[in-house]
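Step one of this worksheet: look at the structure below.
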Amino acid sequence: MAESRSTSTKPQRRTGVREAAAQATRDSILKAATKVFAKYGYDGGSVEKISKAAKSYDRMIYYYFGSKEGLFIAVLEGIYQRMDDAEAAIALDASRPVEALTEVIRFVLGYYRKNPEFVTLLNTENLHKGRHISKSLRAREYSSRAVAIIAEILASGAAQGLFRKDLIARDIYLLIASTGYFYTSNRHTLTAFLGEPLESAEAITHWENFVIETVLRTVRADDIQEQDNTPPHDQDQDQTKWQKSQPAASRAKSS
C-alpha cells in the first residue's frame, strides 16, 4: 500500500510543476504584451514583438490566448482587474461618507497618475471604439464593483442627511473618473496649450483639491449647501500660490 501511495503522488507533483510553469509563461506573455501594446498600440504591437519581449515563442501566444486580439482583451481585463483589486484594498468606512468619498477620489486620481500604461491602453482601445473590450465577459464585473462602492457611500451619506437622495452612483463614478482620466491622458498637450506645468506637485495637488471640492459640492444635501457657502479652502489663495511657483512666462500666459 505504501508503494501504491508513492506511485500515485508522483504524477500529481509533476502536474503541479507543469501548471506552475505554464502559468509563469502566460504571466510573462501578459506582462510583455501590456508594455508592447502601451508603447506601439494595438496595430503596432505585433505578436513577434510581444514574444520577443516575453522571451517566448509566437506559438505560445496562440496556445494560451488564441489570437492577438484574445491577448489584447486579456491585457485590458488585466489592467481593469489590477485597478479593481487596488480599490478594493482601500480601508473605507461608509459610515463616514464624506471621508470615504474623498478617499475614493484621491485613489482614482492617484491611480491614473501612477499607472500611465492604464491610460495609454484605454486610449488605444477607444481609438478602436471599444470593439475588443466589448467582447470581454469580465470587464463589467470590475465596473460593477467600483460603482457599488460609491453607491454604498452615497446611501450612507443620504441616510445621515449629508448627501442628496436623488444621486445616481454611476454618474458620480463617471464624474470622478473623467476628471482624473482627462487630466492624465492630456497632461502633455494641456501643459503646452495652457502654458502651465500640469505635472508639477503643486498643480497636481491643486487639481486634486478642486476635484474633491467639486464632487462634494455636487453630492451635498441642498439644505447644507444653503447653510454653508464657504469653500473648504481659499481658491484664490490656492491659485495664487500655484501660479507663483510657475516660471514667469507661464504665469503671464495663465493670467
Side-chain angles (χ1 to χ4, degrees), residues 23 25-54 56 58 60-89 104-105 107-150 168-193 198-199 204 207 211:
Q23 186 61 49
T25 299
R26 189 179 187 280
D27 291 344
S28 177
I29 292 172
L30 266 178
K31 185 176 180 180
T34 300
K35 294 182 179 298
V36 170
F37 283 133
K39 183 176 182 179
Y40 298 102
Y42 178 76
D43 296 324
S46 66
V47 169
E48 292 77 15
K49 287 177 182 175
I50 295 169
S51 61
K52 182 178 180 180
S56 185
D58 296 358
M60 300 307 294
I61 292 176
Y62 295 110
Y63 177 78
Y64 287 111
F65 302 98
S67 64
K68 173 182 169 180
E69 181 182 46
L71 175 56
F72 187 59
I73 291 172
V75 165
L76 293 175
E77 290 176 341
I79 63 173
Y80 275 121
Q81 182 176 3
R82 285 191 289 277
M83 183 175 184
D84 185 67
D85 291 344
E87 187 171 29
V104 169
I105 296 169
F107 166 79
V108 173
L109 271 61
Y111 193 89
Y112 288 146
R113 189 172 63 252
K114 296 172 186 176
N115 296 273
E117 286 183 348
F118 180 85
V119 174
T120 301
L121 286 165
L122 293 187
N123 283 344
T124 295
E125 179 58 0
N126 276 294
L127 287 174
H128 289 271
K129 300 183 179 180
R131 76 164 184 258
H132 304 108
I133 194 62
S134 64
K135 299 177 183 179
S136 169
L137 301 177
R138 301 171 56 195
R140 192 169 296 180
E141 297 175 13
Y142 307 131
S143 65
S144 297
R145 183 183 297 183
V147 174
I149 290 173
I150 292 177
I168 299 175
R170 183 207 61 186
D171 293 344
I172 303 304
Y173 166 78
L174 287 174
L175 175 59
I176 296 170
S178 61
T179 56
Y181 186 91
F182 180 82
Y183 190 95
T184 301
S185 67
N186 290 40
R187 64 193 183 281
H188 301 300
T189 52
L190 285 174
T191 292
F193 179 72
L198 295 188
E199 289 191 281
I204 290 171
W207 181 247
V211 173

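Numbering starts at 1 and runs along the sequence shown. When reading the values below, keep in mind they use all heavy atoms of this one structure, side chains included, and skip hydrogens, waters and symmetry mates.
- Distance CG/Leu71 to CG/Leu30: 6.0 Å, rounded to 0.5 Å.
- The CG atom of Leu175 sits 9.0 Å away from the CD1 atom of Ile150 when rounded to the nearest 0.5 Å.
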Under the side chain to side chain contact (heavy atoms under 4.5 Å, CB included) rule, what do Ile133 and His128 come out as? Steps first, then yes or no, please. CA-CA 10 Å; Ile133 194 62; His128 289 271; over 6 Å; no

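- You'll find the side chain of Arg113 stays beyond 4.5 Å of the side chain of Tyr183, heavy atoms only.
- Salt-bridge annotation for Glu69 and Lys135: present, with a side-chain N of the basic residue lying under 4.0 Å from a carboxylate O of the acidic one.
- The two residues Gly44 and Lys49 have their closest heavy-atom pair at O-NZ, 3.1 Å.
- Interatomic distance, Glu117 CD to Arg82 CZ, rounded to the nearest 0.5 Å: 8.5 Å.
- Counting heavy-atom neighbours within 6.0 Å of Arg145 CZ, excluding the residue itself, gives a total of 12 or less.
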For a side chain to side chain contact (heavy atoms under 4.5 Å, CB included) check, start with the C-alpha distance between Ile50 and Phe37, then their side-chain angles and the critical distance, and finish with the verdict. CA-CA 9 Å; Ile50 295 169; Phe37 283 133; 3.6 Å; yes

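- Ser56 and Thr25 get closest at one heavy-atom pair: OG-CG2, 4.3 Å.
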Run the numbers on Met83 and Ile79 for side chain to side chain contact (heavy atoms under 4.5 Å, CB included), then give the verdict. CA-CA 6 Å; Met83 183 175 184; Ile79 63 173; over 6 Å; no

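- Contact annotation: the side chain of Ile105 approaches that of Leu109 to within less than 4.5 Å [non-hydrogen atoms, C-beta and beyond].
- Closest non-hydrogen pair, Gly180 versus Thr184, comes out as O-OG1, 3.0 Å.
- Glu77 places none of its side-chain heavy atoms less than 4.5 Å from the side chain of Phe72.
- With a 6.0 Å radius and a threshold of 12 heavy atoms from other residues, nucleotides or ligands, Tyr173 has its OH atom at or below the threshold.
- Within a 6.0 Å radius of NZ in Lys31, other residues, nucleotides and ligands contribute 12 heavy atoms or fewer.
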Show your reasoning for whether side chain to side chain donor-acceptor pair (under 3.5 Å) applies to Ser185 and Asn123. CA-CA 8 Å; Ser185 67; Asn123 283 344; 4.7 Å; no

Set out, in order, the CA-CA distance, both residues' side-chain angles and the distance that settles side chain to side chain contact (heavy atoms under 4.5 Å, CB included) for Leu122 and Tyr80, then state yes or no. CA-CA 10 Å; Leu122 293 187; Tyr80 275 121; 3.5 Å; yes

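- Residues Gln81 and Arg138 meet the side-chain proximity criterion, which asks for heavy atoms closer than 4.5 Å.
- Between Tyr112 and Tyr181, the ring planes are perpendicular. Angles over 60° get that label, and only those under 30° would be called parallel.
- If you take CD on Glu141 and OG on Ser136, they are separated by 8.0 Å, rounding to the nearest 0.5 Å.
- Minimum heavy-atom separation, Tyr62 to Lys68: CE2-N, 4.5 Å.
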